[in-house]
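Only one structure is covered here, and it is reproduced in the block below.
Everything numeric in this text was worked out from a predicted model, so none of it was measured. When reading the values below, keep in mind they use all heavy atoms of this one structure, side chains included, and skip hydrogens, waters and symmetry mates.
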Amino acid sequence: QVQLVESGGGLVEAGGSLRLSCAISGTLFGSWVMGWFRRTPEKEREFIAAIKWNDASTLYANSVKGRFTISRDNAENTVSLQMNSLQPNDTADYFCGVDRRPWHYYEYSEYDFWGQGTQVTVSS
């Protein structure tokens, strides 16, 4: 069983930065993918970024490319999301998840485990 706990959300002004962290407990396998998604009233789960556990290869949604950076720390079993140049439309609940059989890593329905989420609010 894998458990995830997100942290680092909060209130920030437009143009500011936040760093989200996802602490993962349990055994992780190299082929697994860890992803960040966000939820707003309009979208159930929007794909943001993903990272492969073994080689740290990354993938991003076009909406955040160049502003957000996903990374992982194997020793600490954490996945982080550095968010820069935040805008009001980045306001959402952010979730990290684990995909054990990544095929469509951008589809939240493929993910097997989720954290409880952390709220990010960007003021204009």
Original post:
Any side-chain heavy atom of Trp36 within less than 4.5 Å of one from Phe68?
Top reply: no
**OP:** Give, for atom OG of Ser21 and atom CG of Asp73, the distance between the pair rounded to the nearest 0.5 Å.
**Re:** 9.0 Å
Original post:
Taking the side chain as C-beta and beyond, is there a heavy-atom pair between Ser80 and Arg72 under 4.5 Å?
Top reply: no
**OP:** Report yes or no: is the cationic atom of Arg45 (NZ for Lys, CZ for Arg) closer than 6.0 Å to the six-membered ring centre of Phe95, at no more than 45° off its axis?
**Re:** yes
**OP:** Locate the shortest heavy-atom distance separating Leu18 from Gly8; write the atom from each residue and the value.
**Re:** CD2-O, 3.8 Å
Original post:
Atom SG of Cys96 and atom CD of Glu6: how far apart are they, to the nearest 0.5 Å?
Top reply: 4.0 Å
**OP:** Report the distance from atom CD of Glu13 to atom OG of Ser123, rounding to the nearest 0.5 Å.
**Re:** 5.0 Å
Original post:
With distance as the sole test, does Tyr111 use its side chain to make a donor-acceptor pair with the main-chain N or O of Tyr105 at under 3.5 Å?
Top reply: yes
Original post:
Do Val79 and Leu28 belong together in a cluster built from hydrophobic side chains that touch within less than 4.5 Å?
Top reply: yes
Original post:
Is there side-chain contact between Leu20 and Val120, with at least one heavy-atom pair below 4.5 Å?
Top reply: yes
**OP:** Mark yes when over 12 heavy atoms from residues, nucleotides or ligands other than Glu44 sit less than 6.0 Å from its CD; otherwise mark no.
**Re:** yes
Original post:
How about Asp93 and Thr118: do any of their side-chain heavy atoms sit closer than 4.5 Å?
Top reply: no
Original post:
Between atom CD of Glu110 and atom CZ of Arg100, what is the distance when rounded to the nearest 0.5 Å?
Top reply: 11.5 Å
Original post:
Can you tell if the side chain of Ser71 reaches within under 4.5 Å of the side chain of Arg19, non-hydrogen atoms only?
Top reply: yes
Original post:
Trp114, Val33: one ILVMFWY side-chain cluster at the under-4.5 Å cut-off?
Top reply: yes
Original post:
Of the non-hydrogen atoms in Tyr94 and Asp90, which two are nearest, and what is the gap between them?
Top reply: OH-O, 2.6 Å
Subject >> For Gln87 against Arg67, the heavy-atom pair lying closest together >> reply: N-NH1, 4.2 Å
Original post:
Considering all heavy atoms of both residues, which atom of Gln82 and which atom of Ser17 are nearest to each other, and what is their separation?
Top reply: NE2-CB, 3.9 Å
Original post:
Does the side chain of Asp112 reach to within under 4.5 Å of the side chain of Arg101, using non-hydrogen atoms?
Top reply: yes
**OP:** Give me the ring orientation class for Phe113 and Trp32: parallel if the planes are under 30° apart, tilted from 30 to 60°, perpendicular past 60°.
**Re:** tilted
**OP:** Taking all heavy atoms of Ala49 and all of Leu81, pick out the closest pair and write down the distance.
**Re:** CB-CD1, 4.3 Å
Original post:
Are the side chains of Arg38 and Ser63 in touch, meaning some heavy atoms are under 4.5 Å apart?
Top reply: yes
Original post:
Phe37 vs Phe47 aromatic rings, parallel, tilted or perpendicular, using cut-offs 30° and 60°?
Top reply: perpendicular
Original post:
Given the rule that I, L, V, M, F, W and Y join up when any side-chain heavy atoms are under 4.5 Å apart, are Leu4 and Phe29 in one cluster?
Top reply: yes
Subject >> Nearest-0.5 Å distance that lies between atom CH2 in Trp53 and atom OG in Ser31 >> reply: 12.5 Å
Subject >> Gln3 atom CD, neighbour heavy-atom count above 12 within 6.0 Å >> reply: no
**OP:** With rounding to the nearest 0.5 Å, note down the distance linking CG in Asn84 to OG1 in Thr69.
**Re:** 6.5 Å
**OP:** Return the minimal non-hydrogen interatomic distance between Pro88 and Ser124, and the atom names on each side.
**Re:** CG-CB, 3.8 Å
Original post:
Same cluster or not: are Ile70 and Leu59 linked, directly or through other Ile, Leu, Val, Met, Phe, Trp or Tyr residues, by side-chain heavy atoms under 4.5 angstrom apart?
Top reply: no
Original post:
Pick one: which of Asp99, Ile24, Thr78 meets side chain to side chain contact (heavy atoms under 4.5 Å, CB included) with Met34?
Top reply: Ile24
**OP:** Measure the shortest side-chain to side-chain distance between Ile48 and Met83 over non-hydrogen atoms and say whether it is less than 4.5 angstrom.
**Re:** no
